[in-house]
Amino acid sequence: MEIKDPNPCRVIGVLDDGVASLNATALALLRSADVIIGGARTLALLEREFKSGAVRHDLTGKLKEVPEWVRAARADNMACVVLATGDPLCHGIAPYLAQHLCVEALDILPNLSTLQLACARIGLAWQDARIVSVHAKDAGEWQRGARPSHGLYALAQATRQHARLLILTSPDNSPDRIARLLVAEGLGDDFLMAVAENLLQPEERVLAELTPQQAAEMKFAALNVVLLWRITPAARPVRFGLADTEFAQRQPEKGLITKQEVRAVSLARLQLHADSVVWDIGAGSGSVGLEAARLCPQGHVYAIEKNDADFGIAGQNHAAFGVSNYSLHLGKAPEQLDTWPDPDAVFIGGSGGELAGLIAGIIARLRPNGTLVMNFVTLENLATATATLQAIEGVSWDVLQLQAARSKPILHMHRMAAENPVWIVCARREADND
């Protein structure tokens with residue numbers, strides 16, 4: 001038999017029209033509360049309803065203290081209310097409280113989400129939309145190729161995977177900044193925007209069907225939410241095994257690319273997961289790293305290339321590929337590697353003459369069961385790689401020689417033309433058994 005908590009903390013969703021947004025039950029609980037916790041704006045909005053002597057706690061900047069305030073109130077058998085915005089379970093405080101207290105200690109009274117209200121204002125169905133919050137500290141302007149630490153990274157990723165997005169903003173991460181992200185990602189013609197400002201307030205304003213280019217130059221009220229919906233069909237790109245001709249390559253020396261057959265086997269040997277962190281060292285045209293980015297939609301690829309011309313080519317391919325989980329750097333490994341997170345998989349297409357030290361450093365950084373895959377066309381580099389791996393404990397490795405031949409026309413018939421042989425060296429860091 002289930003026994004309910006006799007004095008749960010009431011988590012009440014509130015909208016910006018204050019008392020009008022509360023049903024009779026929520027209003028009665030608020031008026032009888034001994035302890036009331038909420039943000040400064042919400043406390044001010046409802047303070048006339050607090051009973052005389054009620055203790056108030058402003059949680060602004062003090063989120064970590066809220067569970068202790070709740071515990072103390074419950075220990076003293078005091079009625080406690082936490083005021084949240086909209087639906088407390090939609091990017092709200094309720095999951096945080098459930099994690100630090102317990103579900104049984106909470107009684108959640110949800111309200112409409114501001115995102116629901118915004119959708120209602122323009123008649124946008126939201127059951128299949130993706131909700132994204134950028135309601136955080138100033139993330140700075142989005143730059144193509146930004147790392148996962150950027151505050152707008154999740155949004156950039158979501159624009160590639162979803163046709164409708166509902167976005168909780170902040171004064172810094174504003175609608176115009178979101179619009180500039182879309183333009184930077186080459187999506188300016190693919191989405192329309194709506195911005196709903198000051199919902200349920202006298203100065204409410206809803207701007208619908210803005211293009212990202214228009215919104216990028218506008219200013220908006222501090223309180224707003226953003227809706228995005230795709231107006232062009234989403235691309236359905238090949239995820240694996242692209243033809244070499246799909247990539248820009250250096251001219252007139254066309255062919256400076258990991259060829260399709262070798263690329264396919266190398267990617268297979270990398271043993272990628274949807275959320276893998278991948279390093280691409282000696283990126284060249286970017287072919288391996290960019291295909292890996294498509295194969296790891298919840299992961300991220302960090303690529304480095306020392307040649308200016310190839311760096312430019314890889315940048316062109318990145319722009320054409322439609323991925324937001326790829327960061328390309330100009331430099332010579334191991335430069336910058338110490339700023340990257342430990343990898344699940346590493347591909348070496350070029351080493352710049354420091355192969356032995358590079359291999360040792362990568363093996364030390366690989367996560368348990370992580371994989372290193374290297375491509376070589378010279379005996380000397382093959383010998384260096386195998387000798388280095390042989391001397392490292394806790395690593396299993398093997399070598400695959402791959403030689404492909406492609407058909408080519410000769411008069412009215414076809415012949416087979418051999419590609420150069422490539423050695424694919426695969427090393428795996430064994431998991432610790434401790």
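Residues take their numbers from the sequence shown, with the count starting at 1. As the structure is a computational prediction, the values presented were derived from the model and not from experiment.
Note that OG of Ser285 and CD of Gln316 are 11.0 Å apart. Values are rounded to the nearest 0.5 Å. In this structure, CZ in Arg41 is found 7.0 Å from OG1 in Thr85, a value given to the nearest 0.5 Å. Separating the CH2 atom in Trp279 from the OG atom in Ser327 is a distance of 13.5 Å, to the nearest 0.5 Å. Taking CD1 of Ile12 as the start and CG of Leu109 as the end, the distance is 5.5 Å to the nearest 0.5 Å. To the nearest 0.5 angstrom, Gln116 atom CD is 9.0 Å from Asn111 atom CG. Atom CD1 in Ile348 sits 5.5 Å away from atom CD1 in Ile359 (nearest 0.5 Å).
A salt bridge does not link Arg71 with Asp76: every distance from a Lys NZ or Arg NE/NH1/NH2 to an Asp or Glu carboxylate oxygen is 4.0 Å or more. Salt bridge status for Asp58 with Lys62: absent, with no side-chain N to carboxylate O gap under 4.0 Å. With respect to the salt-bridge test (charged N to carboxylate O, under 4.0 angstrom), the residues Arg406 and Glu261 qualify. Taking the charged nitrogens against the carboxylate oxygens, Arg269 and Asp398 do have a contact shorter than 4.0 Å, which makes a salt bridge. Using a 4.0 Å cut-off between charged side-chain N and carboxylate O, Arg365 and Asp342 make a salt bridge. Between Arg74 and Asp5, at least one side-chain nitrogen of the basic residue sits less than 4.0 Å from a carboxylate oxygen of the acidic one, meeting the salt-bridge criterion. The existence of a salt bridge linking Lys51 and Asp34 is confirmed by a sub-4.0 Å separation between a basic side-chain nitrogen and an acidic carboxylate oxygen. Using a cut-off of 4.0 Å between Lys/Arg side-chain N and Asp/Glu carboxylate O, Glu47 and Arg56 are scored as salt-bridged.
Nearest heavy-atom pair across Val373 and Cys426 is CG2-SG, 4.2 Å. When all heavy atoms of Ala84 and Ile93 are compared, the pair lying nearest together is CB-CG2, 4.0 Å. Residues Ser21 and Asp17 come closest through the heavy atom pair CB-OD1, 3.0 Å. Nearest heavy atom pair, residue Phe376 against residue Ala385, reads CE1-CB, 3.5 Å. Between Arg130 and Ala158, the shortest heavy-atom distance links the atoms CG-CB, 4.4 Å. In this structure, Ile257 and Ser287 approach most closely via the heavy-atom pair CG1-OG, 3.6 Å.
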| task | Might you work through the side-chain hydrogen bond (donor to acceptor under 3.5 Å, both in side chains) test for Ser324 and Glu185, ending with a clear yes or no? | result | CA-CA 8 Å; Ser324 301; Glu185 287 294 313; 2.8 Å; yes
| said: Is there a side-chain contact (heavy atoms from CB on, under 4.5 Å) between Val35 and His57? Walk through the geometry before answering. | reply: CA-CA 8 Å; Val35 177; His57 291 294; 3.7 Å; yes
| Run the side-chain hydrogen bond (donor to acceptor under 3.5 Å, both in side chains) check on Thr339 and Arg147 step by step: do they pass? | CA-CA 11 Å; Thr339 69; Arg147 299 184 183 185; 3.2 Å; yes
| task | Kindly determine whether Arg177 and Asp138 satisfy salt bridge (Lys or Arg N to Asp or Glu O under 4.0 Å), including the steps that lead there. | result | CA-CA 11 Å; Arg177 178 175 284 179; Asp138 188 351; 2.6 Å; yes
| Verdict with reasoning, Arg428 to Thr371, per side-chain hydrogen bond (donor to acceptor under 3.5 Å, both in side chains) | CA-CA 5 Å; Arg428 188 174 184 85; Thr371 304; 3.1 Å; yes
| said: I'd like to know whether Phe240 forms a side-chain contact (heavy atoms from CB on, under 4.5 Å) with Leu267, so could you lay out the CA-CA distance, the side-chain angles of the two residues, the decisive distance to 0.1 Å, and finally the verdict. | reply: CA-CA 9 Å; Phe240 178 76; Leu267 286 165; 3.7 Å; yes
| said: What verdict does the side-chain contact (heavy atoms from CB on, under 4.5 Å) test give for Asn23 and Leu27, after you've listed the backbone C-alpha separation in whole Å, the side-chain angles of each residue and the deciding distance to 0.1 Å? | reply: CA-CA 6 Å; Asn23 61 29; Leu27 187 56; over 6 Å; no
| task | Take Ile281 and Val346 through the side-chain contact (heavy atoms from CB on, under 4.5 Å) test and state the conclusion after the steps. | result | CA-CA 8 Å; Ile281 297 175; Val346 180; 4.0 Å; yes
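Atom CH2 of Trp126 sits in a sparse spot, with 12 or fewer heavy atoms from other residues, nucleotides or ligands closer than 6.0 Å. Within 6.0 Å of the CD atom in Glu203, the count of heavy atoms belonging to other residues, nucleotides or ligands exceeds 12.
Remark: the backbone N or O of Leu330 is not paired with any side-chain donor or acceptor of Glu305 at under 3.5 angstrom. In this structure, the side chain of Glu291 does not engage the main chain of Val288 through any donor-acceptor pair within 3.5 Å. One N or O on the side chain of Gln271 and one on the backbone of Ala268 form a donor-acceptor pair closer than 3.5 Å. Looking only at distances, no side-chain donor or acceptor of Asn325 sits under 3.5 Å from a matching main-chain atom of His300. With hydrogens and angles ignored, the 3.5 Å screen pairs a side-chain donor or acceptor of His135 with a backbone N or O of Thr169. No side-chain donor-acceptor contact under 3.5 Å links Asp275 to the backbone of Gln298. At least one donor-acceptor pair closer than 3.5 Å links the side chain of Ser32 to the backbone N or O of Ala28. Proximity of a side-chain donor or acceptor of Asp87 to a complementary backbone N or O of Gly13 within less than 3.5 Å is not detected. Side-chain atoms of Asn224 come within 3.5 Å of backbone atoms of Ala221 as a donor-acceptor pair (strictly under, hydrogens ignored). Between the side chain of His162 and the main chain of Arg164, no donor-acceptor pair closer than 3.5 Å is present.
Taking the ring centre of Phe321 as origin, the terminal cationic atom of Arg294 falls inside the region bounded by 6.0 Å and 45° from the ring axis.
At a threshold of 4.5 Å between non-hydrogen side-chain atoms, the residues Glu209 and Met193 do not count as touching. With a 4.5 Å cut-off on side-chain heavy atoms, Phe50 and Val55 do not count as touching. You'll find the side chain of Leu187 stays beyond 4.5 Å of the side chain of Leu181, heavy atoms only. Counting heavy atoms from C-beta on, the side chains of Met374 and Leu389 come closer than 4.5 Å. Residues Leu182 and Asp190 are not in side-chain contact: their nearest non-hydrogen atoms beyond the backbone lie 4.5 Å or more apart. A 4.5 Å side-chain heavy-atom check between Leu22 and Leu30 finds at least one atom pair inside the cut-off. The side-chain heavy atoms of Ile122 and Trp229, taken from C-beta on, include a pair separated by under 4.5 Å. Considering only heavy atoms from C-beta on, Leu117 comes within 4.5 Å of Leu15 through its side chain.
Between Arg263 and the options Asp244, Asn375, Thr258, a side chain to side chain donor-acceptor pair (under 3.5 Å) holds for only Asp244.
The aromatic ring centroids of His329 and Phe311 lie 6.0 Å or more from each other. Ring-centre distance between Trp340 and Tyr302: below the 6.0 Å cut-off.
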